[in-house]
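Notes to accompany the following structure.
Proteins come first, then strands; the chains are lettered A, B, ... in the order of their sequence lines, and each starts at number 1.
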Amino acid sequence: MGRAPCCDKANVKKGPWSPEEDAKLKNYIEKYGTGGNWIALPQKIGTHILSLMQFFITLIGLPNDFRLYVGIKRCGKSCRLRWLNYLRPDIKHGGFSEEEDNIICSLYISIGSRWSVIAAQLPGRTDNDIKNYWNTRLKKKLFGRRKQSQSSRLTGSTEDPRDGNGMDTLSNSCWKY
DNA sequence: AATCACCTCAACCGCCTTTGC
DNA sequence: GGCAAAGGCGGTTGAGGTGAT
């Protein structure tokens, strides 16, 4: 028997966030913070919006569970991820500098794929951003771009940074750190 | 213009750790 | 100390975009 899910999967929305959802989440957190409980946050947002609309609700007689519709139908974990990786005001997106590249690869050599630790050394960068950047660009940049053939994809061959030549290249690229 | 292969990145999943009772 | 809930993290996926043919 597995672990209980953090939320009711059937009643939460998945996929890309809409601008309205972003605005609700951002406005609420900027005003009130997370309250130390991400799981309860979507419901709190609904209650907050509901309180702002109380007059109209009383006027036209909406049901109590109306907050479910005006709030965010998202898992608390999803809200946390969205805030940390995208909505936070101090986030930088894309455009990694040469210096950042070097910091990332030198830390990768010394501690491996501990992205949160690496992100802590790069203000404004998120672990997800760095992980994506490493997997899609830095790795190729350091180990040399190799057009993947159909066969290599099928056999699942990968480039392991800890393998011989790759590590040499990596070390050379990061010599100054 | 159509199709295909590849790239990018936001978001999800599931596991491990931390915290509170 | 044991348990459950929540937080945090790294790995993975898949939709959309872009360039090549």
query: What is the distance, rounded to the nearest whole Å, between atom CZ of A:Arg137 and atom P of B:dC6?
result: 18 Å
field: A:Trp134 CH2 - B:dT8 P separation (whole Å)
entry: 14 Å
task: Return the value, rounded to whole Å, for the distance between atom NZ of A:Lys77 and atom C1' of B:dC16.
output: 10 Å
statement: Quick note, salt bridge (charged side-chain N to carboxylate O under 4.0 Å, His left out) partners involving residues 102-124 of chain A, not counting sequence neighbours, are none
query: Any idea which heavy atoms bring A:Trp83 and A:Pro89 closest together, and the distance?
result: CH2-CD, 4.0 Å
message: Given C:dG10, B:dA10, C:dG8, identify the nucleotide with an atom nearest to the side chain of A:Arg80.
response: C:dG8
message: Please determine whether a side-chain nitrogen or oxygen atom of A:Arg74 lies at a distance below 4.0 Å from atom OP1 or OP2 of B:dC12.
response: yes
field: Sugar-phosphate only, base, or nothing, as touched by A:Thr136 at under 4.0 Å among non-hydrogen atoms
entry: base
message: Checking A:Tyr86 now: which residues fulfil side-chain hydrogen bond (donor to acceptor under 3.5 Å, both in side chains) with it, not counting sequence neighbours?
response: none
field: Of all pairs that satisfy salt bridge (charged side-chain N to carboxylate O under 4.0 Å, His left out), the ones with a partner from residues 118-130 of chain A, not counting sequence neighbours
entry: A:Glu100-A:Arg125
field: Atom pair distance, as rounded to whole Å: CZ in A:Arg82 and P in B:dC12
entry: 9 Å
message: So, using side-chain hydrogen bond (donor to acceptor under 3.5 Å, both in side chains) as the criterion, who are the partners of A:Arg80 when residues are at least two apart?
response: none
Got a list of protein N/O to nucleotides 11-15 of chain C N/O distances below 3.5 Å?
unit_1 : atom_1 : unit_2   : atom_2 : d
C:dG11 : OP1    : A:Ser113 : OG     : 3.1
C:dG11 : OP2    : A:Trp115 : NE1    : 3.2
C:dG11 : N7     : A:Lys131 : NZ     : 2.7
C:dG11 : O6     : A:Lys131 : NZ     : 2.9

Which donor-acceptor pairs under 3.5 Å do the side chains of residues 27-38 of chain A make with protein atoms, sequence neighbours left out?
unit_1  : atom_1 : unit_2  : atom_2 : d
A:Asn27 : ND2    : A:Ala23 : O      : 3.1
A:Glu30 : OE2    : A:Lys26 : NZ     : 3.1
A:Thr34 : OG1    : A:Gly36 : N      : 3.2
A:Asn37 : OD1    : A:Ile39 : N      : 3.1
A:Asn37 : OD1    : A:Ala40 : N      : 3.2

- request: Give the minimum heavy-atom separation between A:Ile72 and A:Pro42, together with the two atoms involved.
  value: O-CB, 3.4 Å
task: Would you mind listing every salt bridge (charged side-chain N to carboxylate O under 4.0 Å, His left out) that reaches into residues 38-52 of chain A, with sequence neighbours excluded?
output: none
Strand DNA chain C as a dot-bracket string - pairs counted if Watson-Crick or G-U with both distances under 3.5 Å, | where the partner lies in another strand: .||||||||||||||||||||
- prompt: Could you give the CD1-to-P distance, from A:Ile39 to C:dA6, as a whole number of Å?
  reply: 6 Å
task: Please state how far atom CH2 in A:Trp83 lies from atom P in C:dG8, giving the value in whole angstrom units.
output: 14 Å
- prompt: C:dC9 C1' sits how many Å from A:Ile130 CD1, rounded?
  reply: 13 Å
Candidate nucleotides C:dA6, B:dC13, B:dC9, ranked by approach to the side chain of A:Asn37 - the nearest: C:dA6
Distance, rounded to the nearest Å, where A:Gln43 contributes CD and C:dA6 contributes P: 11 Å
field: Between A:Tyr133 and A:Trp115, ring centroids under 6.0 Å
entry: no
